[in-house]
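Data first, discussion second: the structure below is written as structure tokens.
Whatever order the structure lists ligands and atoms in, that order sets their numbers, starting from 1.
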Amino acid sequence: MIRFEQVGKRYSNGHVGLHELSFRVRRGEFLFVTGHSGAGKSTLLRLLLAMERPTTGKLLLAGQDLSQITNAQIPFLRRQIGVVFQNHQLLFDRSVFDNVALPMQILGLSKPEIAKRVSVALERVALADKAELYPADLSTGQQQRVGIARAVVHRPALLLADEPTGNLDPRLAAEIMGVFEDINRLGTTVLIASHDLALIARMRHRLLTLQRGRLIGDGEAV
Ligand SMILES: Nc1ncnc2c1ncn2[C@@H]1O[C@H](COP(=O)(O)OP(=O)(O)OP(=O)(O)O)[C@@H](O)[C@H]1O
């Protein structure tokens with residue numbers, strides 16, 4: 001589903017985000033990307049979202065070449081992807097339901113269709129009974145689960161997460177990772193950037209390790 005072929009990214013200020021990175025991800029895989037600050041994790045995610053273009057090499061996502069993608073094609077690409085951020089970026093003046101519904105409203109789906117999909121997404125993160133509450137009524141872990149429901153409500157084939165447990169204590173972090181695993185079991189490919197090596201090691205999934213923009217490890221975490 002994802003193919004990096006000697007992908008390099010050099011920013012306009014001369015900083016190198018990635019050096020000739022090559023790896024493949026199969027549909028349905030669950031993998032982590034780790035590395036110290038500045039290793040290139042965010043660059044990798046931004047390339048997959050076509051927020052940046054590779055400067056060299058070839059990057060394929062579901063058969064589409066992201067090094068050649070036009071601006072007009074980007075909205076179609078993003079419909080295949082869900083994104084979870086560290087600070088979930090919920091709207092605090094909107095209910096849980098409305099926060100999760102937002103991507104569907106932007107896509108212009110009908111109200112009954114939106115209601116159905118939001119309730120499925122909230123069930124997946126075990127928050128079906130919290131739809132009418134506001135983010136401020138929820139715990140930090142529950143807020144992050146709303147962020148995950150919003151990321152999967154449009155049923156993306158690929159779910160990307162950038163340090164999704166960065167603000168959470170170890171117990172909540174493990175719980176959130178369990179939610180990602182549940183979503184993965186239903187067929188979504190999951191790629192998580194994280195530097196929480198203790199948590200990654202407990203989960204026994206594939207781990208890509210970056211160092212200064214280069215891939216220095218690819219295997220199960222130990
Ligand atoms: N927008 C940008 N403009 C210029 N250089 C950038 C930009 N974004 C990242 N870089 C550079 O690219 C390299 C990789 O950074 P990146 O943000 O991808 O690392 P990271 O592993 O996500 O780090 P962190 O864990 O701190 O978020 C760094 O040298 C960084 O300075």
Side-chain angles (χ1 to χ4, degrees), residues 1-25 29-61 64-71 74 77-78 81-90 140-141 143-144 147-148 150-151 156 158-170 172-174 176-177 180 189-203 205-222:
M1 143 160 254
I2 299 172
R3 211 157 101 198
F4 277 69
E5 280 179 15
Q6 301 195 301
V7 171
K9 173 64 189 172
R10 179 186 288 274
Y11 289 99
S12 48
N13 63 359
H15 281 191
V16 176
L18 294 176
H19 281 280
E20 302 202 345
L21 190 63
S22 298
F23 66 92
R24 288 175 185 217
V25 178
E29 266 195 82
F30 187 121
L31 76 158
F32 288 105
V33 178
T34 197
H36 295 300
S37 182
K41 305 180 295 294
S42 308
T43 299
L44 189 154
L45 296 180
R46 285 202 297 269
L47 288 172
L48 285 170
L49 286 162
M51 292 162 72
E52 302 282 352
R53 307 288 159 86
T55 31
T56 56
K58 201 165 166 179
L59 170 51
L60 297 168
L61 175 59
Q64 187 164 28
D65 187 349
L66 302 190
S67 30
Q68 308 285 340
I69 194 170
T70 64
N71 287 339
I74 289 178
L77 168 79
R78 303 241 173 102
I81 307 176
V83 191
V84 177
F85 304 96
Q86 175 170 352
N87 55 349
H88 56 65
Q89 302 185 341
L90 300 180
T140 318
Q143 289 173 1
Q144 188 57 298
I148 297 173
R150 184 188 49 193
L158 173 65
L159 183 58
L160 301 177
D162 197 2
E163 300 288 355
T165 59
N167 289 329
L168 304 177
D169 68 41
L172 275 180
I176 291 296
M177 287 300 177
F180 282 113
T189 307
V190 175
L191 189 159
I192 300 177
S194 171
H195 57 242
D196 189 344
L197 285 175
L199 181 63
I200 292 172
R202 279 203 298 278
M203 296 192 49
H205 291 294
R206 182 178 171 194
L207 171 66
L208 302 182
T209 306
L210 298 177
Q211 189 181 64
R212 294 193 209 100
R214 296 179 198 277
L215 188 63
I216 59 158
D218 181 357
E220 190 180 304
V222 285

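Side chain of Gln89 to main chain of Val84: no donor-acceptor pair is present (N/O by atom type, distance under 3.5 Å, no hydrogens or angles). When atom types are taken as modelled, the side chain of Thr34 and the backbone of Thr209 share no donor-acceptor pair closer than 3.5 angstrom. Using modelled atom types, no side-chain atom of Lys41 and backbone atom of Val33 make a donor-acceptor pair closer than 3.5 Å.
Going from atom CE of Met1 over to atom CG of Leu158 covers 5.0 Å, rounded to the nearest 0.5 Å.
In Arg46, the part holding a heavy atom less than 4.0 Å from any atom of ligand 1 is the side chain.
The closest approach between Gly38 and ligand 1 falls below 4.0 Å for a heavy atom of the residue. Heavy atoms of Val16 approach ligand 1 to within less than 4.0 angstrom.
Heavy-atom minimum distance, Phe180 versus Ala161: CZ-CB, 3.9 Å.
Considering backbone and side-chain N/O of His15, one or more are found under 3.5 Å from N/O of ligand 1. Note: no N/O pair closer than 3.5 Å links Glu52 and ligand 1 by distance alone.
Remark: ligand 1 atoms within the under-4.0 Å shell around heavy atoms of His36 are 21 (O). Against a heavy-atom cut-off of under 4.0 Å, Asn13 is close to the following atoms of ligand 1: 4 (C), 5 (N). Annotation for ligand 1: atoms under 4.0 Å from non-hydrogen atoms of Ala39 are 19 (O), 20 (P), 21 (O).
Closest protein heavy atom to atom 25 (O) of ligand 1: Lys41 NZ, 2.9 Å. Looking only at heavy atoms of the protein, atom 27 (O) of ligand 1 is closest to Ser42 OG, 3.4 Å. Ranking protein heavy atoms by distance to atom 9 (C) of ligand 1, first place goes to Tyr11 CE1, 3.4 Å. With respect to atom 19 (O) of ligand 1, the closest heavy atom belonging to the protein is Gly40 N, 3.1 Å. Here the protein heavy atom with the shortest distance to atom 26 (O) of ligand 1 is Ser37 OG, 2.6 Å. For atom 18 (O) of ligand 1, the closest non-hydrogen atom on the protein side is Thr43 OG1, 2.5 Å.
Gln86 is linked by a side-chain contact (heavy atoms from CB on, under 4.5 Å) to Glu163, Asn167, counting only residues two or more places apart in sequence or in another chain.
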Side chains of residues 49-57: which donor-acceptor pairs under 3.5 Å do they make with residues two or more places apart or in other chains?
{"residue": "Glu52", "atom": "OE1", "partner": "Lys9", "partner atom": "NZ", "Å": "3.4"}
{"residue": "Arg53", "atom": "NH1", "partner": "Ile69", "partner atom": "O", "Å": "3.0"}
{"residue": "Arg53", "atom": "NH2", "partner": "Asn71", "partner atom": "OD1", "Å": "3.0"}
{"residue": "Thr55", "atom": "OG1", "partner": "Gly8", "partner atom": "O", "Å": "3.1"}
{"residue": "Thr55", "atom": "OG1", "partner": "Arg10", "partner atom": "N", "Å": "2.8"}
{"residue": "Thr56", "atom": "OG1", "partner": "Gly8", "partner atom": "N", "Å": "3.2"}

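Phe4 pairs in a side chain to side chain contact (heavy atoms under 4.5 Å, CB included) with only one of the listed residues (Leu61, Leu215, Leu44), which is Leu44.
Residues Leu47 and Leu18 have side chains in contact (heavy-atom distance under 4.5 Å, counting atoms from C-beta outward).
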